[in-house]
Amino acid sequence: MNADVAVVGAGPGGLAAATAAARAGAHVVLIDGYANAGGQYSKQRFDAARPRAGSYDTRVYAVSRRDRALPFRLYATRAGRPLTIDARALVLAPGAYERALPFPGWDLPGVMTPGAAQTLVKAHGVRPGNRVAIAGSGPFLLPVAIALLEASARIVGIYEAASLPALWRMPAALAQMPERALQAGCYARTLRDAGVPVHFGRAVTSAHGEERLETIRIARVDRLWRPRAGGEYDVAVDVLCTGFGFLAQTDLADQLQCKRYEDGGAFFVACGERAQTSVPGAYAAGEISGIRGAEAALAQGEIAGIGAAAYCGKLTRAQAAFAAREPARRFAKHAAFAGALARSYSVRRGWTAWLRDDTLVCRCEEVPAGAIRDAVTSGARDLRAVKALTRCGMGLCQGRMCAYAAAQITAELTGSTPAAVGTFTRTGLAIPVPLNHLAHASTGSA
């Protein structure tokens, strides 16, 4: 399969990129792992009988750049069969996944991320439990709470680790985005009317139960999220939804060796003002370049699509610059608001005080926090060394769930920074694939 522009990811950013590039006259292939467009943002209801369309239900596991007329080659899997796609330009819009922080008992049945609970409700029509607590940090906790209320779950409380003083800067940002202020007001009114208490400066520091989740330990935390003495109490629940924002899916960009930047211990793809990466012909849209929300992703996707079409010769530089002016204005507006959110809800380093030595950090390989601490004591100074000494990050998820936490622990003990300790080396595949797919890729057959 050949195209002028290949777009990976059919969420808001990818859809906007594909639309803009096609409107400019480019032949576009839009690829996504779900059966229909919309990505995680839309959370379409699952229907096994729903027909597959276009190049959806297709997952890209590798990408390479060659010195040819169609320099980008994407290796994908669709319905169990290998697929190769060649393109002149590439837009990466793979989105993000939730950031979970470990604590004692986070591996109990009944503990899940907010996004998992939202997917159960919206995509499958399943209520995850009856007595639900929502904890962590970030604005995403609120729409999840609303979705659970609509599914008739009883929410015993929302526990936001950020304190009210940390959120004082938000009114100025909300004044620039009145639609967001209205949305926040609607959330607050719905939660109040439903009798859902919202607590600030609180964190779930442990979960307890025999066969499954039964109670959670709530602690008052200081501005660094360290538990305050005497501020702990237990709450009976059967489901805990806990999450701390999002991390970018950078696997494909890493394979192309796109430049990255670090922000708050998380890594993102560096982009220019026209959404171009450091690799010629490769563009980025959405959360891969920064967690900014759907509106910013739509604007950046449009910019990326215009840039990719211009790279293919479908637009002149002047035409591309003119077409990108309006989406660039929208992107700047939403990016500024996202920056205020990020400062208010950033993960504080004191959360590592929640960990006991026997708390699992890497659940795939069952590596506890104590093993990571011992590795650092033995001389490990970066995540590659930690991985070699502990097997942390060697499991099926390839460190996607544990890398952030392991980096924070390592940086704290070494007096360094998450950027300095780096990330785990991965297999070079974005997803697990059958061996016959690799054989297909090695022959170069289409």
Side-chain angles (χ1 to χ4, degrees), residues 1-34 36-39 52-60 62-76 78 83-95 249 252-253 255-256 258 269 271-289 294 296-331 446:
M1 185 182 295
N2 298 338
D4 291 322
V5 179
V7 179
V8 180
L15 287 172
T19 301
R23 188 178 292 135
H27 173 214
V28 180
V29 173
L30 177 61
I31 310 155
D32 195 87
Y34 288 97
N36 291 275
R52 291 349 187 195
S55 290
Y56 304 141
D57 199 25
T58 302
R59 304 184 70 191
V60 178
V63 60
S64 62
R65 192 175 192 278
R66 307 165 301 163
D67 187 18
R68 299 185 182 182
L70 297 171
F72 294 100
R73 169 157 285 188
L74 285 69
Y75 303 93
R78 184 181 188 189
L83 175 67
T84 304
I85 303 167
D86 293 333
R88 296 179 64 188
L90 174 66
V91 177
L92 296 173
Q249 296 268 20
L252 298 178
Q255 291 176 17
L256 290 173
C258 297
V269 173
C271 289
E273 63 178 9
R274 292 292 180 259
Q276 72 273 22
T277 71
S278 61
V279 175
Y283 298 79
E287 315 295 55
I288 189 174
S289 67
L298 285 167
Q300 191 179 36
E302 189 173 348
I303 297 168
I306 292 168
Y311 185 83
C312 294
K314 305 300 180 180
L315 295 171
T316 66
R317 293 185 62 179
Q319 288 172 327
F322 180 80
R325 286 176 58 186
E326 175 55 24
R329 183 196 64 79
R330 286 187 280 113
F331 176 73

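Position 1 is the first residue of the sequence; numbering continues from there.
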Original post:
Any side-chain heavy-atom pair from Leu30 and Leu15 closer than 4.5 angstrom?
Top reply: yes

Original post:
How long is the gap from CG on Leu90 to CZ on Arg73, to the nearest 0.5 Å?
Top reply: 14.0 Å

Subject >> Shortest non-hydrogen contact between Leu298 and Pro12, atoms and distance >> reply: CD2-O, 3.4 Å

Original post:
Any side-chain heavy atom of Cys271 within less than 4.5 Å of one from Tyr283?
Top reply: no

Original post:
Who pairs with Arg59 by salt bridge (Lys or Arg N to Asp or Glu O under 4.0 Å), at least two apart in sequence or on another chain?
Top reply: none

Subject >> Heavy-atom pair with the smallest gap, counting every atom of Ala3 and Leu70 >> reply: O-CD2, 3.8 Å

Subject >> Side chains of His27 and Cys312 in contact at under 4.5 Å (non-hydrogen atoms) >> reply: no

**OP:** Supply the atom-to-atom distance Arg23 CZ to Glu302 CD, rounded to the nearest 0.5 angstrom.
**Re:** 6.5 Å

Subject >> Gap between atom CD1 of Ile31 and atom CG of Asp57 - 0.5 Å precision >> reply: 13.0 Å

Subject >> Spatial distance of atom CZ (Arg274) from atom CD1 (Ile303) [nearest 0.5 Å] >> reply: 7.0 Å

Original post:
CG of Leu92 to CZ of Phe72: how many Å apart, nearest 0.5 Å?
Top reply: 8.5 Å

Original post:
Between Ala10 and Asp32, what is the shortest heavy-atom contact and its length?
Top reply: N-OD1, 2.6 Å

**OP:** Identify the heavy atoms of Pro327 and Ala323 that sit nearest to each other, and give their distance.
**Re:** CD-O, 3.4 Å

Original post:
Are Leu74 and Met1 side-chain neighbours, meaning at least one heavy-atom pair lies under 4.5 Å?
Top reply: no

**OP:** Determine the minimum heavy-atom distance between Ala304 and Ala284, stating which atoms define it.
**Re:** CB-O, 3.9 Å

Original post:
CG of Asn2 to OG1 of Thr84: how many Å apart, nearest 0.5 Å?
Top reply: 10.0 Å

Subject >> Taking every non-hydrogen atom, the tightest pair across Ala253 and Val269 >> reply: CB-CG2, 3.4 Å

Original post:
Quick one: are Val5 and Tyr311 in side-chain contact, heavy atoms under 4.5 Å?
Top reply: no

Original post:
By salt bridge (Lys or Arg N to Asp or Glu O under 4.0 Å), which residues pair with Glu273, not counting sequence neighbours?
Top reply: none

